[in-house]
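Report on the following structure.
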Amino acid sequence: MKIIAHGITSLPEAKKAIRAGVDFLEIDVSKRFFFNKFTAQHNSLMGIFGLGPVLETLLTAEVRSRAFLDLKPVSYRNSFTRKFSELLLKISVKDAKVCGHDWQMLSKLSDNINAEPYYTIKNLDGLRKLKKIIKELKKPRGFSVKHDLIDEKFMSWIRTLPAKSSVWAWTVNDVREAQRLAFLGVDGIVTDEWEKLCQKMA
């Protein structure tokens with residue numbers, strides 16, 4: 001099972017997580033409206049005031065290959081998608097793993113830069129909506145799913161999809177819950193307790 005460190009917001013934190021053995025680094029991405037910059041953000045205070053490091057400074061060569069980008073657009077979708085595509089091309093991020101709630105945007109982004117979309121599912125209503133339109137979207141690399149939505153029924157649906165898709169569960173900080181998800185066949189967990197789970201799930 002892959003371990004994805006949740007809410008990485010600085011280069012020292014990213015390097016510490018990599019040394020601990022995580023497979024990927026989840027980075028929340030939003031856009032500073034006034035400075036036209038993409039930033040790595042996590043908590044609500046940062047989202048309100050536009051704080052956080054500029055994404056380009058965080059995506060070093062070491063981090064790029066492990067980045068799992070959770071998109072939080074705060075501008076018009078077309079503008080966000082185009083500018084984000086340009087940024088990833090500029091800093092040579094290839095086959096970027098990106099997730100978010102706007103599945104159409106992710107589908108378009110993946111066409112622009114050959115990104116690997118992970119469609120986020122946060123509740124049952126979202127799951128029902130996604131099932132209705134999934135054939136209209138680019139085949140996902142995977143799904144980023146709130147952990148308590150995942151059961152045998154959900155995993156059975158995943159196996160009916162035409163292309164093999166990974167399931168990454170969030171946010172999982174409990175070892176027993178991680179073990180339950182591993183038993184169901186979940187491919188990865190997004191966690192704040194990455195040091196502990198790297199040891200327990202090895």
Side-chain angles (χ1 to χ4, degrees), residues 1-9 13 17 20-30 40-48 66-74 97-107 110 115-202:
M1 175 182 277
K2 304 294 185 186
I3 304 294
I4 302 99
H6 182 226
I8 296 296
T9 59
E13 188 180 24
V22 305
D23 298 285
F24 295 99
L25 308 162
E26 192 253 18
I27 302 168
D28 289 344
V29 179
S30 62
Q41 303 184 337
H42 190 238
N43 62 43
S44 58
L45 184 65
M46 292 167 72
I48 293 170
R66 298 174 186 262
F68 180 51
L69 305 173
D70 187 359
L71 303 188
K72 312 285 188 183
V74 293
K97 292 176 174 57
V98 293
C99 75
H101 298 278
D102 189 328
W103 309 313
Q104 286 88 352
M105 181 187 74
L106 286 176
S107 188
S110 64
E116 299 183 349
Y118 282 69
Y119 300 138
T120 297
I121 308 171
K122 66 177 180 178
N123 53 38
L124 287 173
D125 185 50
L127 177 58
R128 286 191 288 267
K129 289 178 180 178
L130 183 59
K131 285 181 176 180
K132 289 180 180 179
I133 68 167
I134 194 166
K135 291 182 179 179
E136 302 169 16
L137 303 172
K138 180 166 182 174
K139 293 177 181 177
R141 175 65 180 82
F143 298 89
S144 175
V145 186
K146 192 169 184 293
H147 70 95
D148 55 7
L149 295 175
I150 300 172
D151 54 19
E152 289 189 13
K153 183 179 179 181
F154 177 85
M155 295 303 293
S156 294
W157 171 68
I158 291 293
R159 288 189 283 271
T160 67
L161 298 178
K164 178 173 171 50
S165 300
S166 297
V167 175
W168 288 5
W170 50 271
T171 302
V172 182
N173 295 327
D174 179 73
V175 174
R176 286 187 179 180
E177 178 64 357
Q179 291 171 337
R180 179 187 77 85
L181 295 166
F183 180 78
L184 289 172
V186 169
D187 302 281
I189 53 172
V190 180
T191 178
D192 298 302
E193 299 290 342
W194 36 269
E195 287 182 288
K196 177 177 72 176
L197 288 174
C198 278
Q199 295 175 357
K200 296 290 186 181
M201 303 300 292

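- The side-chain heavy atoms of I133 and K129, taken from C-beta on, include no pair separated by under 4.5 Å.
- Between atom CG of residue D28 and atom CG of residue D70 there is a gap of 4.5 Å, rounded to the nearest 0.5 Å.
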Original post:
So I3 and I189, side chain to side chain contact (heavy atoms under 4.5 Å, CB included) or not? Walk me through it.
Top reply: CA-CA 5 Å; I3 304 294; I189 53 172; 3.8 Å; yes
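- Panel note: side chain S107, backbone W103; no donor-acceptor pair is recorded below 3.5 Å.
- A distance of 14.5 Å separates NZ in K153 from CG in L184, rounded to the nearest 0.5 Å.
- Scanning both residues, Y119 and K138, for their nearest heavy atoms gives OH-O, 2.6 Å.
- Under the 3.5 Å distance criterion, the side-chain polar atoms of T120 are left unmatched by any main-chain donor or acceptor of C99.
- Counting all heavy atoms, side chain and backbone alike, T9 lies closest to E13 at N-OE1, 3.0 Å.
- In this structure R141 satisfies the salt bridge (charged side-chain N to carboxylate O under 4.0 Å, His left out) test together with E116, sequence neighbours excluded.
- Remark: K2 NZ is loosely packed, at most 12 non-hydrogen atoms of other residues, nucleotides or ligands lying under 6.0 Å away.
- Below 30°, between 30° and 60°, or above 60°: for W168 and F24 the angle between ring planes is between 30° and 60°, a tilted geometry.
- Taking each heavy atom of A17 and A5 in turn, the nearest pair found is CB-CB, 4.0 Å.
- By the 30° and 60° cut-offs, the orientation of the rings of F143 relative to F154 is perpendicular.
- For the atom pair OG (S110) and CE (M105), the distance works out to 10.5 Å, reported to the nearest 0.5 Å.
- Residues V29 and V98 fail the side-chain proximity criterion, which asks for heavy atoms closer than 4.5 Å.
- Atoms CG and NZ, on L149 and K122 in that order, are 11.5 Å from each other to the nearest 0.5 Å.
- With a 4.5 Å cut-off on side-chain heavy atoms, M1 and V186 count as touching.
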Name the atoms and distances for all side-chain donor-acceptor pairs under 3.5 Å in residues 169-183, with sequence neighbours left out.
unit_1	atom_1	unit_2	atom_2	d
W170	NE1	S144	O	3.2
W170	NE1	S144	OG	3.3
N173	OD1	T191	OG1	3.0
N173	OD1	D192	N	2.8
N173	OD1	E193	N	3.4
N173	ND2	D192	OD2	3.2
D174	OD2	R176	N	3.1
D174	OD2	E177	N	2.9
E177	OE1	R180	NE	2.9
E177	OE2	H147	ND1	2.8
E177	OE2	R180	NE	3.4
E177	OE2	R180	NH2	2.8
R180	NH1	I150	O	3.0
R180	NH2	H147	O	3.3
R180	NH2	I150	O	3.2

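- The distance from the CZ atom of F68 to the CD1 atom of I27 is 11.0 Å, given to the nearest 0.5 Å.
- The closest side-chain heavy-atom distance from D102 to L71 is not below 4.5 Å.
- Side chain of E26 to backbone of G7: a donor-acceptor contact under 3.5 angstrom is found.
- Annotation: side chain of D23 is not in contact with side chain of I4 (no heavy-atom distance under 4.5 Å).
- For the atom pair OG1 of T160 and CD1 of I158, the computed distance is 7.5 Å after rounding to the nearest 0.5 Å.
- A 4.5 Å side-chain heavy-atom check between L137 and L130 finds at least one atom pair inside the cut-off.
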